[in-house]
Student: 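Have a look at this one.
Residue numbers start from 1 in every chain, and the chains themselves are labelled A, B, ... in the order their sequence lines are given, proteins ahead of strands.
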Protein chains: 2
Amino acid sequence: MTRPFANALELLRAARLRPTRQRLALARLLFEKGDRHVAAEELHGEALAAQMPVSLATVYNTLHQFVGAGLLREIVINPGRSYFDTNVSDHHHFFYEDDSQLRDIPGDSIAVSNVPSPPEGGSIRRVDVVVRVEKAAHKGR
Amino acid sequence: MTRPFANALELLRAARLRPTRQRLALARLLFEKGDRHVAAEELHGEALAAQMPVSLATVYNTLHQFVGAGLLREIVINPGRSYFDTNVSDHHHFFYEDDSQLRDIPGDSIAVSNVPSPPEGGSIRRVDVVVRVEKAAHKGR
DNA sequence: TCAATAGTTTAGAATGGTTTTAAATTCTGA
DNA sequence: TCAGAATTTAAAACCATTCTAAACTATTGA
C-alpha cells in the first residue's frame, strides 16, 4: 500500500531509468523510509554519510528525473530552496515557518470547493494548498 | 474601494516609512495601476524606464519593508524568483505554468474546508491555494 | 537655522542554491 | 568485445538575492 515497488531496482525500471549505482543509492535513501520532504543538499549529505558517494550534480539530475517520472513531487515554498516530496498522492501541506519544516496533510481531510475555471483558458493541472503555521501566537501589533 | 490611500505619501506615512524619493517612486509604480504581481527586477526595470533611478538593492529593501508593513504580500511559487502581490486581501492564485504568470482568484469564490489543526501545535497564519494551470491539455503520455 | 543623529541609499562584493560544461566513465545491445 | 548512448562528475558559471560599508538625506531639538 505504501510500497508501490518492491525495491529500488524495480522502481527505476518502471521509470525507464538505467539502474546505476548512484540512482539506486538515492532511490533507497528516498523511498525506503516512508514519506519524506528532502532538499537536494540534504539528500547529498545523507548519501555521503551512508558511504554512497554521489556528486551534488547527480543528486539534482536524479531528483529532476524522478519528478519527471512521477516518483517525486517538487515543492517550492521558500525562495532559494526546493523540497522533494516522496508522497505523490493527492495531498497538501503544513509549513512550519519557524523551522521551515513540511508535514503532509492527508488529501481527504481537506477540501477545496468552488474553484473557478481559469480566466485565460487552459486546464487545471493541480491544486496546491499550503497551511502556514507559526509556532508561537504573537498576536497584537 | 480599490484605493486604500489617497496617494503614495499617505501610504508611506501609514507604514511609518520616511517618504524618500525612491520609496515614493516605487509606491506609485506599485499601487497606482490596480492589482499587480511583480518581481523585484521587473519593478527595477520599470523604475529606470520611468526616469526614476533606484538601485536594485533599494528595490529589494523597499519591497521587504512594504511586506512588513502589510502593503504587499510575497508569493513564492517557482524556485529562484519571488513575486510581490499588491493585493493583500484574502485571496488565492492561478499560476500559468507556461509563462509563469499569476492571476488573482477572488477570496470568496473559493473555499477550503476541514483544515485539521497542526499536529505539532502552533497557530495557522495563512492558507495559500495555488491552482496550477497549463495552457495546452497534453494528456496521455 | 543648524548641527547631531538616526534612517536611507548605493555600488560593488558576497552568498548560496541550482545549472551548465565538457571530459571521463559506465551501461547496453549486438 | 565493441561501439554508441547514457550517465556521472568536478569545476565553473549562473543569477536572484543579501550584505557591506561608505555616502547621503530626512528629522529633531536646541
Student: List the residues meeting side chain to side chain contact (heavy atoms under 4.5 Å, CB included) with Asp99(A), not counting sequence neighbours, and say none if there are none.
Tutor: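 Tyr96(A), Gln101(A), Lys135(A).
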Student: Once salt bridge (Lys or Arg N to Asp or Glu O under 4.0 Å) is applied, do any residues pair with Arg132(B), and if so which ones, sequence neighbours excluded?
Tutor: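 Salt bridge (Lys or Arg N to Asp or Glu O under 4.0 Å) check on Arg132(B) returns Asp128(A), Glu97(B).
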Student: Salt bridge (Lys or Arg N to Asp or Glu O under 4.0 Å) with Arg21(B): which residues, sequence neighbours excluded?
Tutor: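 By the salt bridge (Lys or Arg N to Asp or Glu O under 4.0 Å) rule, Arg21(B) matches no residue at all.
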Student: What is the distance from CD of Glu42(A) to P of dG16(C), rounded to the nearest Å?
Tutor: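 Answer to the nearest Å: 17 Å.
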Student: To the nearest 10°, let me know how far the axis at one end of the helix from dT1(C)-dA30(D) to dA30(C)-dT1(D) is tilted from the axis at the other, five pairs an end.
Tutor: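 End axes: 30° apart.
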Student: Pairs under 3.5 angstrom, nitrogen or oxygen only, protein versus nucleotides 11-17 of chain D, please.
Tutor:
unit_1, atom_1, unit_2, atom_2, d
dA16(D), OP2, Glu41(B), OE2, 2.9
dA16(D), O5', Glu41(B), OE2, 3.2
dA16(D), O3', Gly80(B), O, 3.1
dT17(D), OP1, Ser82(B), N, 2.8
dT17(D), OP2, Tyr60(B), OH, 2.3
dT17(D), O5', Tyr60(B), OH, 3.1

Student: Can you run down the salt bridge (charged side-chain N to carboxylate O under 4.0 Å, His left out) pairs that involve residues 61-85 of chain B, sequence neighbours left out, and say none if there aren't any?
Tutor: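 Sorted pair list comes back empty.
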Student: Without hydrogens or angle criteria, can the side chains of His37(A) and Asp104(A) be said to hold a donor-acceptor pair below 3.5 Å?
Tutor: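 Present: a donor and an acceptor within the cut-off.
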Student: Rounded to the nearest angstrom, tell me the gap between atom CZ in Phe66(A) and atom C1' in dT7(D).
Tutor: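 In whole Å, dT7(D) C1' lies 13 Å from Phe66(A) CZ.
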Student: In whole Å, I'd like the distance from the CG atom of Leu43(A) to the P atom of dG17(C).
Tutor: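 After rounding, the gap between these two atoms is 15 Å.
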Student: Once ring pair (Phe, Tyr, Trp, His ring centres under 6.0 Å) is applied, do any residues pair with His91(A), and if so which ones, sequence neighbours excluded?
Tutor: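 Per chain and number, His91(A) pairs via ring pair (Phe, Tyr, Trp, His ring centres under 6.0 Å) with His93(A).
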Student: Report each atom pair, protein N/O against N/O of nucleotides 27-30 of chain C, whose distance is under 3.5 angstrom.
Tutor:
unit_1, atom_1, unit_2, atom_2, d
dC27(C), O2, Arg18(A), NH1, 3.4

Student: Leu48(B), Leu30(B): one ILVMFWY side-chain cluster at the under-4.5 Å cut-off?
Tutor: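 Different clusters: Leu48(B) never reaches Leu30(B) through Ile, Leu, Val, Met, Phe, Trp or Tyr contacts under 4.5 Å.
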Student: What is the separation between atom CG on Asn61(B) and atom P on dT25(D), rounded to the nearest whole Å?
Tutor: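 Whole-Å distance recorded here is 17 Å.
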Student: Quick one: side chains of residues 112-120 of chain B, donor-acceptor pairs under 3.5 Å with protein atoms, not counting sequence neighbours, listed by atom name and distance.
Tutor:
unit_1, atom_1, unit_2, atom_2, d
Ser113(B), OG, Ala111(A), O, 3.4
Glu120(B), OE1, Arg103(A), NH2, 3.3
Glu120(B), OE2, Arg103(A), NE, 3.2

Student: Given a cutoff of under 4.5 Å between side-chain heavy atoms of I, L, V, M, F, W and Y, with clusters grown through shared members, what are the other residues clustered with Val88(B)?
Tutor: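 For Val88(B), no cluster forms, as it stays isolated from other hydrophobic side chains.
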Student: Residues sharing Tyr83(B)'s hydrophobic cluster, by side-chain heavy-atom contacts under 4.5 Å among ILVMFWY, directly or via others?
Tutor: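 Direct or chained contacts put Tyr83(B) with Ile75(B), Ile77(B), Phe95(B), Leu102(B), Val130(B).
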Student: Rounding to an integer number of Å, can you tell me how far Asn78(B) CG sits from dT18(C) P?
Tutor: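 Interatomic distance, CG of Asn78(B) to P of dT18(C): 13 Å.
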Student: Round to a whole Å and report the spacing from CE of Met52(B) to P of dT10(C).
Tutor: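 The answer, rounded to whole Å, is 13 Å.
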Student: Throw together a table of side-chain donor-acceptor distances under 3.5 angstrom for residues 55-63 of chain A, partners on residues two or more places apart or in other chains.
Tutor:
unit_1, atom_1, unit_2, atom_2, d
Ser55(A), OG, Thr58(A), N, 3.2
Ser55(A), OG, Thr58(A), OG1, 3.1
Asn61(A), ND2, Ala57(A), O, 3.4
Thr62(A), OG1, Thr58(A), O, 2.7

Student: Report the distance from atom CD of Gln65(A) to atom C1' of dT7(D), rounded to the nearest whole Å.
Tutor: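 In whole Å, dT7(D) C1' and Gln65(A) CD are 8 Å from each other.
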Student: How many whole angstroms separate atom NE2 of His44(B) from atom C1' of dT9(C)?
Tutor: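 Taking NE2 of His44(B) and C1' of dT9(C), I get 12 Å after rounding.
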